[in-house]
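Right, one structure below, let's go through it.
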There are 2 protein chains.
Amino acid sequence: MQEQKRHPTIEDVARTAGVSRAAVSKVLRNAYGVSPAMKERVDAAIEHLHYRPRVAARAMRGSSFTLGIEIPDFGNHFFTRLLGGATRALVGTPYQLIIAPAEGGSQEGYRAIEALADRQVDGIVAISPLVSPEWLERLAERTPLVMLGRHDRSTGYDTVVGDDAAGARLVLDHLLGLGHRRIAHLTRSEDVTVPSSGTPHSIRLAVYLERMRAAGHENQVRVVRTGEGEEAAEAAAAELLRSEPTPTAIFAAHDELAIGALRAVDEAGLDVSVAGYDDIRIAAQPGISLTTVDQSGEEMGERAVRLLLDRIAGRTEPVHEVFAPTLVPRRSTRAPAESVTAGSPAAAAAG
Amino acid sequence: MQEQKRHPTIEDVARTAGVSRAAVSKVLRNAYGVSPAMKERVDAAIEHLHYRPRVAARAMRGSSFTLGIEIPDFGNHFFTRLLGGATRALVGTPYQLIIAPAEGGSQEGYRAIEALADRQVDGIVAISPLVSPEWLERLAERTPLVMLGRHDRSTGYDTVVGDDAAGARLVLDHLLGLGHRRIAHLTRSEDVTVPSSGTPHSIRLAVYLERMRAAGHENQVRVVRTGEGEEAAEAAAAELLRSEPTPTAIFAAHDELAIGALRAVDEAGLDVSVAGYDDIRIAAQPGISLTTVDQSGEEMGERAVRLLLDRIAGRTEPVHEVFAPTLVPRRSTRAPAESVTAGSPAAAAAG
DNA sequence: ACTCGGAATTGAACCGATTCATCGGCTCAA
DNA sequence: TTGAGCCGATGAATCGGTTCAATTCCGAGT
């Protein structure tokens, strides 16, 4: 181990300022009961020694002034939207954000959240959709907790979530309205779409099935599974496009998948509409111009942090907030080539 | 404050297992000198109580088994490439990664790094190019440190950096080779390009100036400044494209800026080549197809973490690693419309 | 039977902050 | 003059682990 200088402690500050440790502690937390004269002396000593309190020591009795946020996947840019909002919400507070990545399997969510709890954070924002509600309830008994993107309504923790049913309906109605009938749904593996598990992807899938049935296209239903990331999505979409009859539109469960699908469509040289979900920044790029659903990730992240701060301040009744999504139609979706007017084959024959 | 259950402590474990606290501690760290029988008893007690040691308490004497990484901007996807590599390098180690975002001004870099140091991390990987070497040296006396993207060669900390001079030369030679003469350089504000400050952007700028001069085009030099993010880059590029004479190519200092520039070019309806730097994932998308320089961010992130682990294990001699970049030519760069063959106006006249 | 040596185990000190009961000094009213 | 009340400041206890010197245990050697 390399030779390292010792950090100055509160004891050192107290000695150089000629006061007690307790006094220094009070100044640090600007607690009640310090004379201006003493505060000045102590501040001078702190400045002189370049003293900084150790969070680990503070955390043993007081609080760590640290909030933890767990993120499943940095590859998904929607999560960076959330992060941006969360970061913004902490400006001007004494809290520091630390992020625990959970890339890997579904078990990584537990690991990352526990890692945060072990570090005595004052509160946690988490995203993993796969951890069980019971486990979260138990966690919430010890640490204030806000979950992002969960539809369960716990009494122990708060939730901030987009209205996935409404958003998926926007997409389906948009595609059906354009005249599409052979609409495929590109989504993640079964474990994140277990029916009525309440994950966003399970809801988007359910709405897809329900809407296709309501429109009388249940025989056109086609659900394609893929792993995380656009490479996997591209491969899955490519395979889909090779099989007959090819769909005229693909509803991807989130934008990263949609980006991969666009790649496959481009590669295959077909005219297939693609819609995504999340409205990540790149979706607006002219060369991509992806139709998608905006669920204002920054605001969700910001709101989650504010709820957490409320909870730390003492609130105990749970809050469950739902954000209304909006459709952002762009060039990646258009009427199918084969039918001239929407929804009416007769019109096409007459044209 | 909401009523919260008490965490089980090492004392509780010791009591239920019928051994001493010291014994439990040894089992936790699987240190030398525990009988299999005792280990089994202790493990059972830990399991039974759902005990998890508190990192804060461990950190007071031992280590926190936490590595910190400071990231200036989540909006820049190159940094998420670095993060991906860093995360991968920690799989299978007892260390947990925590990330401190430094979004905001240049002072945020100091804040975020200090926040990590305050949290007693066992080592730090940092990216901010603007913090001073002296400050970093002082930090490195206390905490093992690896800097990403810095060209200074400190004795106190390691560095992992791409060869920015070589990378920029690849881009310039590519553009010049295609026949471009009016090449503009789109880069960040002056504070990150101070000459010989050693920041990547200062080097890319210096190479641009040097190459333009060497090719005899110093009168075509055009440096455009922009803030962070593609919106700002788009605005700056749009303004550039409105001024006469319009450049035939834009070398953007990194891909996010290039994406913004592409947007402005598309908007203006001009035929202007755009090249970037970093090879973020989206650059390969068909609709974007951005010519750029790959500096294998994942490997850099991975390498940085490995060097940090080495340092924690005891290494003291500094290591300075340089990654060789490669050019990735794509459709966003092509020969300028006005000259038929490269570099020879005479040939165009004869054609 | 007795000593010796090494491994297993323990008790107590320690890390650096916060917290709280207590104390000293000062003001002001009786 | 005395005592109540208040405020600023302090010493000691405390948080939950790790570390280390000291102690016990156990089997081998004489």
Side-chain angles (χ1 to χ4, degrees), chain A residues 1 4-43 45-46 49-66 94 117-122 142-143, chain B residues 1 4-43 45-46 49-66 94 117-122 142-143:
Chain A
M1 181 63 77
Q4 280 162 13
K5 280 197 203 162
R6 211 176 54 80
H7 214 73
T9 74
I10 201 172
E11 175 69 47
D12 300 326
V13 175
R15 201 166 337 104
T16 54
V19 299
S20 71
R21 296 217 308 276
V24 177
S25 175
K26 281 187 167 186
V27 172
L28 285 177
R29 295 169 292 121
N30 50 50
Y32 173 80
V34 291
S35 64
M38 187 176 77
K39 175 166 166 52
E40 197 171 335
R41 288 235 306 281
V42 170
D43 281 340
I46 288 174
L49 295 175
H50 295 296
Y51 167 77
R52 293 184 64 88
R54 294 197 165 197
V55 172
R58 311 185 83 165
M60 295 219 50
R61 301 222 52 181
S63 51
S64 64
F65 296 105
T66 307
D118 293 345
R119 275 156 191 80
Q120 290 285 102
V121 293
D122 295 337
R142 308 207 145 84
T143 309
Chain B
M1 181 63 78
Q4 280 162 12
K5 280 196 202 163
R6 212 176 53 80
H7 215 72
T9 73
I10 200 172
E11 174 71 48
D12 301 325
V13 175
R15 200 165 338 104
T16 55
V19 299
S20 70
R21 295 217 310 273
V24 178
S25 176
K26 280 190 166 186
V27 172
L28 285 177
R29 294 169 292 121
N30 50 50
Y32 173 81
V34 292
S35 65
M38 186 174 79
K39 175 167 166 51
E40 198 171 334
R41 289 237 304 284
V42 170
D43 281 340
I46 288 175
L49 295 175
H50 295 297
Y51 168 78
R52 294 183 63 90
R54 295 197 165 196
V55 172
R58 313 184 82 164
M60 295 219 51
R61 300 218 57 180
S63 51
S64 62
F65 297 104
T66 307
D118 293 346
R119 274 155 191 80
Q120 290 285 101
V121 293
D122 295 337
R142 310 209 145 83
T143 309

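First the proteins, then the strands, lettered A, B, ... as listed; each starts at 1.
If you measure from atom CD of B:Gln120 to atom P of D:dG16, you get 18 Å, rounded to the nearest angstrom. Atom CE in A:Met38 sits about 7 Å away from atom C1' in D:dA9, given to the nearest Å. Between A:Arg54 atom CZ and D:dG17 atom C1' the separation is 15 Å, expressed in whole Å. The CG-C1' distance, from B:Asn30 to D:dT18, rounds to 15 Å in whole Å. If you measure from atom CE of B:Met60 to atom P of C:dT18, you get 11 Å, rounded to the nearest angstrom. As a whole-Å value, the separation of B:Tyr51 OH from D:dG16 P is 10 Å. What separates CZ of B:Arg29 from C1' of D:dG17 is a distance of 9 Å, to the nearest Å. The CG atom of B:Leu28 sits 15 Å away from the P atom of D:dG16 (whole-angstrom rounding).
The two residues A:Val24 and A:Val13 make their nearest non-hydrogen contact at CG1-CG1, 3.8 Å. The two atoms that bring B:Thr143 and B:Val121 nearest to each other are CG2-O, 3.9 Å, heavy atoms only. Nearest heavy atom pair, residue B:Arg41 against residue B:Gly18, reads NH2-O, 3.6 Å. The two residues A:Met38 and A:Val27 have their closest heavy-atom pair at CE-CG2, 4.5 Å. When all heavy atoms of B:Arg52 and B:His7 are compared, the closest pair comes out as O-NE2, 3.6 Å.
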Listed pairs under 3.5 Å, donor-acceptor, residues 57-65 of chain B side chains, sequence neighbours left out:
from: B:Ser64; atom 1: OG; to: B:Gln120; atom 2: O; distance (Å): 2.7
from: B:Ser64; atom 1: OG; to: B:Asp122; atom 2: OD1; distance (Å): 3.3

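Using a 4.0 Å cutoff on non-hydrogen atoms, the parts of residues 14-23 of chain A near DNA chain D are A:Val19, A:Ser20, A:Arg21, A:Ala22, A:Ala23, ordered by number.
Remark on DNA chain D: of its neighbouring residues A:Ser35 and B:Ala56, the 5'-side contact belongs to A:Ser35, judged by nearest-heavy-atom nucleotide.
When heavy atoms are screened at a 4.0 angstrom cut-off, B:Val55 is found touching no nucleic acid atom at all. At a threshold of 4.0 angstrom between heavy atoms, the contacts of A:Gly33 are confined to the sugar-phosphate backbone, with no base atom among them. At a threshold of 4.0 angstrom between heavy atoms, the contacts of B:Ser25 include nucleobase atoms, whether or not backbone atoms are also involved.
Between the side chain of A:Arg61 and the base of D:dT14, a donor-acceptor pair under 3.5 Å is found.
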- Quick tally for nucleotides 22-27 of chain C: nucleotides whose base has a protein heavy atom under 4.0 Å get B, sugar-phosphate-only ones S, the rest -, giving ------
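No donor-acceptor contact under 3.5 angstrom links the side chains of A:Arg119 and A:Thr66, judged on distance only.
Side-chain atoms of A:Arg29 come within 3.5 Å of backbone N or O of A:Ser25 as a donor-acceptor pair. Between the side chain of B:Asp43 and the backbone N or O of B:Glu40, no donor-acceptor pair lies under 3.5 Å.
Taking the side chain of B:Tyr32 as heavy atoms from C-beta on, and the options C:dA7, D:dC7, D:dG16, the nearest nucleotide is C:dA7.
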